[in-house]
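Scroll down for the structure; my scribbles are underneath it.
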Amino acid sequence: MCGVPRPSQSVTNGVDTLERMTGSGTEMPTRYEAGAVEPRWADSWIERGYFHAQVPDDPSRAYCIVIPPPNVTGRLHVGHALGRTLEDILVRRARMRGLEALWVPGMDHAGIATQVVVERELRKEGTEPRDLGREAFVERVWAWKERYGGEIIGQLKRMGASLDWDRERFTMDEGLVGAVRVAFVRWYEQGLIYRGERLVNWCPTDQTGLSDSEVEHEEVDGELLTFRYPLSDGTGHVEVATTRVETMLGDTGIAVHPDDERYRDLVGGTVRHPFDGRDLPIVADGAVDPTFGTGAVKVTPAHDPTDFEIAQRAGLPLLNILDAEARINQNAAEEFYGLGRYDARQAVREELEKLDLFVSVEHPYRHSVGHCYRCHSEIEPWMSGLQWFVAVDGLKGRATEAAMDGRITFWPERWRKAYVSWLDGLRDWNISRQLWWGHRIPAWYCPDGHVTVSLEDPDACAACGSAEIEQDPDVLDTWFSSQLWPFSTLGWPDETPELGAFYPNAVLVTGYEILYLWVARMIMSGMSLAGDIPFRDVVIHGLVRDAHGRKMSKSLGNVIDPVEIFDLYGADALRFSLARLATGGQQDIPLSVDSIQGGRNFANKIWNAARLVLEALPGGEPQLPPDERLTAPQRWLLARHQHCVAEVNASLDRYEFAAAAQAMYRFFWSEYCDWGLEMEKERLRSDDPAVAEDAAKVLAWILERTLRLLHPVMPFVTEEIWQRFGIGETIVRAPWPEAEEYAGHEVLGSDAEATWPFVEELVTTVRRFRSEHGIPSKTRVELRLVGRETGAARYAGFESEVMRLAGASDISVVTAGDATGSARLLVQGETVLVPVGELIDLDAERERLQKRLTEADEGRARSEAKLANAGFRDKAPEDVVLAEKLKVERFEREAESFREQLAELG
RNA sequence: GGGCGCGUAGCUCAGCGGGAGAGCGCUUGCUUCACACGCAAGAGGUCGGAGGUUCAAAACCUCCCGCGCCCACCA
């Protein structure tokens, strides 16, 4: 055993392995200290290679999830913890089921995002990134990646994520660089990638183009300004409206709707630009909405996508009046040159007012403006030269079909619709980024303008042989490499054994915010390049917010740092809390410290229940006693446990994590601890060693299986306890409890389950009675069930438990109702006499009875009203009607009893 | 302009055709030999509003009112 880590040492205060293995002499502190236990297990699991997956011979034994690679921009936040927790639950369960469960770790280079944070850091040091030069800058980013990549790995390990670290990948590692190259070249050769000059979404701050998906539209209060263009022939004016009046410097035409009577005669004519005297043609175009504004539109082809298209159709020239930083360039009238776009807006307006061309302004005017998803600057539609695009029409079809025909299932299902309709409206994807950090576009240009795209870096132009070739300075959109993640991490384009076994992946878990940016593109590229769906299931979860549903942000000061939580409450606590909140129905997930404390309390509850059971366990593998020795409460608990197993499995099969967590919580706390342990305690301390041993065995057996059930959600505390059973090396690879197993015990427990409701209500009713009368817990009362001899069947097998839990000295059945001096409690319609004599306060008793009487009367009235309805009697199912009739009888009996008692009390 | 989600106990949310639930918070008892990160008992909801379907609606349909989100080239 030399050198085997013993993660539990700190908690057991040095109890040695042998003692732990035999279960004797185990000291468990009264509180579970997650912070001391978890880091040891986290390391130990990895050291022992438990998370390493082999490539199975039988592909049906393969189960694979790839981590949504976190950006190397910085440390992980609780949002990441949610997704990783859900994935870990799935992977750990699959692993326990005996599958080769591979969870691929890795990170994303996150082109623009990382470049921005590194630039910011450099500027803080007083260095202008552009001065550094490309090579040195990229080196700096790699250094950044090493630092934060390491921190992210540390965080993931600490939270217990069972990733196969032997297979860690990075979107810019050697293999993935190759995969990106192959993908680009293949699509280029298929005509799915092309180079073109188009308006792109330009971020003037980050100085790069963006795809449509990277632009966030937001409603802002702007202004709608109307001004006049004089007709060139001096016969009048045309009024146009705009929210960005500075763009009029780049106007090259006026457009009206072809059917618009008002302008029919003007089409073909021109207006004169007031600042530089250019004549702008008036053209007709169907894209113009004649009902908006004046029905005439100024056309700025170089700075508006609609205008660009109009210009293409009408043959209007492009006039680019902005530079890369969105300042007015030399193409505009001289007096505006060099102005920023917002200053220019003001200056143009003033100039128009001077020339008496200003008509009116509407302010505030609410309209939608695109912003950069990284830096939030306003996006400028801009001509930035030739850029590379992916022609999505060649990819959409198969990606849509895969979701429509059920090969890919979305959970919850509603996201499928969102996905399909997004694909439907998708336009070509701009993949050129004017950045330094990323995959360099594998295209080379010679002085004659030939383009060479190739797998290997070329020495000469493929068309003319010129050796004077230069590579495209741009890099690819970061999502271009991310989209290959499900297969590139498995070795694609090589046909590796991993790719053969683990592709398609089983499931992808991610937040809805990257459904389009990432998920949709993985499906498109997976279908096209890897020849199959990338994953069978897509699980979409909400975004983690603070306790009141607000976004977590540094400025609000409500950010929860996962590691802080791990240290304070434990990773298990956070994991359980997140799982319990992950309902799927709602869009976002409010996480509060209270909720995490709830998880911590649960871990502590498990720990303490285990303390009790393990102290009593004689040692060895927990085995059930023979069926005939099982008591009714034991059979009941077994049956409840089995229901819990079934419920958890059914929930997880549907990715209903909250329901699964809730089922475990309810079973363990409310049934196993509150009732099960409380009932068994007596037997555990029995003088008869056989009785005590049986009780311990039953409790231990159920506990051990429950630990396995809980393990995927709370890996640490379950492992820590499970070790003490001494039945194996690790719970990580212990078998997963299936619903079908031990079905026999369910049957075995059915009699006890049928008895249970009466037993539970009897105990609760007596407890309530005692509480209402302040009867001290040490005072024993007698319980007499009024009825025939068979009345005892109502609590058969639970006699001693009822007595102990209700604080009774005796329980019996009496045939006649000698009720003198007794309180009469009603339990499921049966009368239970409690001889109390002077014990009770008569006023309190009157109050109690009056309250119960009201409840009974109300209940009866409800049921009678239902039965009075002929439609109900005729049309409702028989059993429902019968149940209603029984209710009336019961309420009647109860009410009668309460009235009698009240009368007796006077 | 389209589409989606949500309005249920003070808070955060389950439930989605047959007598209103959980956690937290609150009240009252418990130094009960696993756990006060606990135990027991309790208070607290015209299930956003109005119609409709049904014997029966928190749940299904329609409309309305409030939140929130996504998509979209109306200047």
The nucleotide from B/A34, B/A22, B/C55 with an atom nearest the side chain of A/Lys681 is B/A34
Scan A/Ser777 against the nucleic acid and name what it touches under 4.0 Å (heavy atoms): base, sugar-phosphate only, or nothing.
nothing
| task | Please measure how far the C1' atom in B/G52 lies from the corresponding atom in B/A56, and state the result in whole Å. | result | 15 Å
Quick note, A/Asp594 side chain, CB onward, closest among B/A34, B/C70, B/C24 is B/C24
Against the side chain of A/Arg600, the closest entry in B/G23, B/U12, B/C37 is B/C37
Testing B/A34, B/C55, B/G3 for proximity to the side chain of A/Arg611, the answer is B/A34
Those residues at least two apart in sequence (or on a different chain) that pass ring pair (Phe, Tyr, Trp, His ring centres under 6.0 Å) with A/Phe566 are none
Margin query: Could you tell me how far B/A75 sits from B/G2 if I compare only their P atoms? Round to whole Å.
Written below: 16 Å
Closest to the side chain of A/Asn869, out of B/C55, B/C13, B/C70, is B/C55
Sticking with atom C1', work out how far B/G18 lies from B/U54, rounded to a whole angstrom.
12 Å
| field | Aromatic ring proximity A/Phe576/A/Phe602, centre distance under 6.0 Å | value | yes
_Applying a 4.0 Å non-hydrogen cut-off, can you work out what A/Leu677 is touching in the nucleic acid: base, sugar-phosphate, or nothing?_
base
Side chain to side chain donor-acceptor pair (under 3.5 Å) pairs touching residues 241-253 of chain A, sequence neighbours excluded, are A/Tyr229-A/Asp251, A/Arg244-A/Glu380, A/Glu246-A/Arg345, A/Thr247-A/Lys298, A/Asp251-A/Lys298, A/Asp251-A/Thr300
Worksheet item: Is the backbone of A/Leu867 close enough, under 3.5 Å, to the side chain of A/Arg873 for a donor and an acceptor to pair up by distance?
Response: yes
Could you go through nucleotides 38-42 of chain B and list every protein N or O atom that sits under 3.5 Å from one of its N or O atoms, giving the distance for each pair?
| unit_1 | atom_1 | unit_2 | atom_2 | d |
| --- | --- | --- | --- | --- |
| B/G38 | OP1 | A/Asn601 | ND2 | 3.2 |
| B/G38 | O3' | A/Lys605 | NZ | 3.0 |
| B/C39 | OP1 | A/Lys605 | NZ | 2.7 |
| B/C39 | OP1 | A/Trp669 | NE1 | 2.6 |
| B/C39 | OP1 | A/Asp674 | OD1 | 3.3 |
| B/A40 | O3' | A/Arg767 | NH1 | 3.4 |
| B/A41 | O2' | A/Ser771 | OG | 3.3 |
| B/G42 | OP1 | A/Arg768 | NE | 2.4 |
| B/G42 | OP1 | A/Arg768 | NH2 | 3.3 |

Considering only heavy side-chain atoms of A/Asn608, the closest of B/A34, B/C4, B/C24 is B/A34
For this session: Answer with yes or no after comparing the ring centroid distance for A/His367 and A/Tyr365 against a 6.0 Å cut-off, counting only values under it.
Result: yes
Touch check for A/Ala609, heavy atoms < 4.0 angstrom, all strands: base, sugar-phosphate only, or nothing? base
- Message: Suppose you measure atom P in B/C55 against the same atom in B/G48; what distance do you get, rounded to whole Å?
- Response: 25 Å
Considering only heavy side-chain atoms of A/Thr583, the closest of B/C71, B/C13, B/G5 is B/C13
task = If the plane angle is over 60° it's perpendicular, under 30° parallel, otherwise tilted; pick one for A/Tyr655 and A/Phe657.
result = tilted
Of B/G18, B/G23, B/G5, the nucleotide closest to the side chain of A/Phe872 is B/G18
To the nearest angstrom, the CD-P distance between A/Glu858 and B/A20 comes to 12 Å
Sorted by chain and number, sequence neighbours left out, ring pair (Phe, Tyr, Trp, His ring centres under 6.0 Å) with A/Phe872 holds for none
What are the atom names and distances for every N/O pair under 3.5 Å that joins the protein to nucleotides 73-75 of chain B?
| unit_1 | atom_1 | unit_2 | atom_2 | d |
| --- | --- | --- | --- | --- |
| B/C73 | O2' | A/Thr306 | OG1 | 2.7 |
| B/C73 | O2 | A/Thr306 | OG1 | 3.0 |
| B/C74 | O2 | A/Asp289 | OD2 | 2.8 |
| B/C74 | N3 | A/Asp289 | OD2 | 3.0 |
| B/A75 | O2' | A/Ala241 | O | 2.5 |
| B/A75 | N6 | A/Asp289 | O | 2.5 |
| B/A75 | N6 | A/Phe292 | O | 3.3 |
| B/A75 | N1 | A/Asp289 | N | 3.2 |

Does the A/Trp607 side chain pair with the main chain of A/Met28, one donor and one acceptor, at a distance under 3.5 Å? no
_Pairwise C1' distance for B/G44 and B/C37, with rounding to whole Å_ = 25 Å
Stems field, RNA chain B, Watson-Crick or wobble, 3.5 Å, at least 3 pairs, by first number, holds B:1-7 with B:65-71, B:10-13 with B:21-24, B:26-30 with B:38-42, B:48-52 with B:60-64
task = Could you give the distance separating B/A9 and B/U46 at their C1' atoms, to the nearest angstrom?
result = 14 Å
